S.K.: 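Here it is, the structure in full.
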Amino acid sequence: MRRRLFTAASLLALTPLALAADVFSVGEKQAANWHAIIMFMFFVALTLGITYSAATRTKSTADFYTAGGGITAFQNGLAIAGDYMSAATLLGLSAMVFAQGYDGYIYLLCFFAGWPIILFLMAERLRNLGRFTFSDITAYRLDQGKVRTMAALSSLTVVCFYLIAQMVGAGQLIKLLFGLDYKLAIFAVGILMMAYVAFGGMVATTWVQIIKACMLLFGGTLVVFLAMSIFGFSFTKVLGKAMAVHTLGDKLMHPGSLLADPLTAISLGLGLMFGAAGLPHILMRFFTVSDAKEARKSVLYASGFVAYFFNIIFLMGLTGILIVGQNPDFFENGAIGGKLIGGGNMLAMHLAKAVGGNLLLGFLAAVAFATILAVVSGLAMAGASAISHDIYAHVIKKGQISERAEIRVSRIATIALGSIAIILGIAFEKQNIAFMVGLAFGIAAAANFPVLILSMYWKGLTTRGALWGGYGGLLSAVVFVLLSKSVWVDVLGFAAPLFPYTQPALFAMPIAFLLAFIFSQSDHSVRASQEKEAFADQYIRAQTGLGAVSAAGH
């Protein structure tokens, strides 16, 4: 039965792509890029084969959620990097460097700054304390039902907003490059995501990420290699010429609009840095390796891959100024300096076409779409585990559930999340979705990170403090973003924002930490005393991976 369902899902996912040539004709769509379609279909066929193989080997919850802990540090490092190197990195940040120069590099640095925190403060303890999700750590010595519910709701909020952004990005990219109708593109992405996660679990999701990461690293390197070869591989020459032709001139390599408002800049940095350490689909990856040593090595590998790729993105933006920015063929109405065809986010695609023709453009387009598929698969895995493992198995069933039943619920949750993502992706086609990514990082930084780090390092944290801190961070982050210009003005159409800043982390994070501290310190119940005493057992296990599980919540 499962094989027949998998085959049906595969055919449903491939059919819209195979019929792409028949559905493009009007609107913003362009003629189908057959190089991109063929390469993407090859990627889909390869990953569906891996998913089919993984489905035959997924027997237990450990297999489904964490690939049985059998992923090596190098493989996991690639998969983590694949999760982190999203289409927004390839398309959005290369365009930001193209338009704003050094400001784009500051943005890249903020994204990267979270890795030392994960490496030195979190990786080892996450692996030693957790089993499947980061809720395992936050609820380790606290009230299982209440804390897991809070952590799961925060995770689902982050996942949903991230999913919408990725789905809309996929639809717009495919409409431009593949000639596929927007709704069919959204449908194809949703079906493939369901197939990868529901049938293959973490094994399939991991290998999709690994393959996509290798393709992205290779594709980005090839584009930059060909672009830099035009300038004799001289960074100094590229930088000098870029400043000479860019409208910003010498200011291209000076901090600019991004730092015009110091509070917004600091809030952005905090959100990107600590948000990375609170993203549920990133944190899940530390449970796929065998021990804490492998978890630390995973972060080291991932840091190297991500740092390398971020510098590739920076060079892509600079060379794009000289190659794309000076070529009227890539601009509407042939106007140099006008609006890029397909919008500013298509800079990487135009650069690929300029240096490698339609073949390289097709490959990078396929990589970009594969990137979105891989990221939404990781997000769906995190969302499904929050529903099945945290809410259903531990809150509703109180741990009294078979592994087979839990896996079945997770697959149902995956299908539900995929369906919701398809509907919301179609509904938000015309909306400005930039605020959703910021909201996802802001919530992760304000709701997930404070409670997670306090549960690992502060003896005084109690259930009441964790709940106030978690819910306070979640609600404040959401409210601040809703009242900011990104939503209140740009989306809802009001004249002026009620909250003057677009980034919530600087304001929501202190609220979360302060509420957690106040309500933990003021909690003098017997339960609170037991939870504080249980920190000793948690500390031993966090340091060694061994020790009795005698915490109050177990």
Side-chain angles (χ1 to χ4, degrees), residues 61 65-66 118 122 125-163 274-287 378-399 406 409-410 413 417 439-458 461-478 508-509 511-513 515-516 519-520 531 534 538 542 551-554:
T61 51
Y65 292 128
T66 64
I118 298 174
M122 299 175 66
R125 295 193 176 207
L126 280 169
R127 181 59 188 85
N128 285 340
L129 288 172
R131 191 180 180 196
F132 296 143
T133 68
F134 89 94
S135 300
D136 293 336
I137 293 98
T138 55
Y140 187 86
R141 58 188 172 87
L142 307 178
D143 185 288
Q144 291 284 304
K146 294 177 180 178
V147 176
R148 281 187 184 276
T149 301
M150 178 272 296
L153 289 175
S154 294
S155 295
L156 287 171
T157 305
V158 173
V159 165
C160 284
F161 278 95
Y162 229 138
L163 268 178
F274 293 105
L279 293 175
H281 63 296
I282 298 292
L283 298 176
M284 275 192 76
R285 291 250 158 240
F286 295 106
F287 310 128
L379 289 166
M381 187 78 231
S385 64
I387 294 171
S388 60
H389 178 67
D390 295 322
I391 295 178
Y392 187 78
H394 284 85
V395 177
I396 297 176
K397 290 295 186 179
K398 310 295 184 184
E406 187 173 338
V409 171
S410 188
L417 281 172
L439 179 57
F441 268 85
I443 291 172
N448 293 351
F449 177 75
V451 176
L452 181 61
I453 202 73
L454 287 175
S455 67
M456 288 193 291
Y457 283 96
W458 186 39
L461 184 68
T462 66
T463 294
R464 192 171 77 166
L467 293 177
W468 274 93
Y471 284 124
L474 173 63
L475 292 175
S476 60
V478 171
M509 279 183 64
I511 290 175
F513 277 110
L515 289 175
F519 284 94
S520 290
E531 290 168 348
Q538 177 179 321
H554 287 245

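This one's a predicted model, so the numbers in the text were calculated from it and none came from an experiment.
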S.K.: Quick test of your reading of the model: are Asp136 and Arg148 salt-bridged, counting only N-O distances below 4.0 Å?
M.R.: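 Yes, this pair counts.
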
S.K.: Could you list the donor-acceptor pairs under 3.5 angstrom formed by side chains in residues 446-454, with sequence neighbours left out?
M.R.:
residue: Asn448; atom: ND2; partner: Gly278; partner atom: O; Å: 2.9

S.K.: Quick check: closest heavy atoms across Ser154 and Ile443, and the distance to 0.1 Å?
M.R.: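 Minimum heavy-atom contact is O-CG2, 4.3 Å.
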
S.K.: When rounded to the nearest 0.5 angstrom, what distance separates OG in Ser455 from CD1 in Ile137?
M.R.: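 The distance works out to 7.0 Å.
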
S.K.: Rounded to the nearest 0.5 Å, what separation is found between the OG atom of Ser388 and the NZ atom of Lys397?
M.R.: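 Result: 13.5 Å between the selected atoms.
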
S.K.: How long is the gap from OG1 on Thr149 to CG on Asp390, to the nearest 0.5 Å?
M.R.: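 If I round to the nearest 0.5 Å, the distance is 8.5 Å.
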
S.K.: Return the OH to CZ distance between Tyr162 and Phe441, rounded to the nearest 0.5 Å.
M.R.: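 One finds 4.0 Å between OH of Tyr162 and CZ of Phe441.
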
S.K.: Which pair of non-hydrogen atoms, one from Val158 and one from Pro280, has the smallest distance, and what is that distance?
M.R.: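 What the structure gives for the nearest pair is CG1-CD, 4.0 Å.
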
S.K.: At their closest point, which heavy atom of Glu406 faces which heavy atom of His389, and how far apart are they?
M.R.: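 So the two residues come closest at OE2-ND1, 3.0 Å.
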
S.K.: Return yes if some donor-acceptor pair links the side-chain N/O of Ser155 with the main-chain N/O of Ala386 below 3.5 Å, else return no.
M.R.: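 Not confirmed, Ser155 side chain does not pair with Ala386 backbone.
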
S.K.: What are the two closest heavy atoms between Trp458 and Arg141, and how far apart are they?
M.R.: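 Taking Trp458 first and Arg141 second, the nearest heavy atoms are O-NH2, 2.7 Å.
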
S.K.: Please report the closest heavy-atom contact between Leu142 and Ala466, naming both atoms and the distance.
M.R.: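 Where Leu142 meets Ala466 most closely, the heavy atoms are CD1-CB, 3.8 Å.
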
S.K.: Can you measure from CG (Leu379) to CG (Leu156) and round to the nearest 0.5 angstrom?
M.R.: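 CG of Leu156 is found 11.0 Å from CG of Leu379.
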
S.K.: Quick one: ring-ring contact (aromatic ring centres under 6.0 Å, His included) partners of Phe519, sequence neighbours excluded?
M.R.: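 Partners of Phe519 by the ring-ring contact (aromatic ring centres under 6.0 Å, His included) criterion, ordered by chain and then number, come out as Trp468.
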
S.K.: Nearest 0.5 Å, please: how far is CG in Leu467 from NZ in Lys146?
M.R.: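 Between Lys146 NZ and Leu467 CG, I get 7.0 Å after rounding to 0.5 Å.
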
S.K.: Could you pull out the closest heavy-atom pair between Thr463 and Val147, with the gap in Å?
M.R.: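 Distance-wise, the nearest heavy atoms are CG2-CG2, 4.0 Å.
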
S.K.: Could you tell me whether a side-chain N or O of Gln144 sits under 3.5 Å from a main-chain N or O of Val395, the two making a donor and an acceptor?
M.R.: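 No; judged by distance alone, with no hydrogens or angles, the pair does not exist.
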
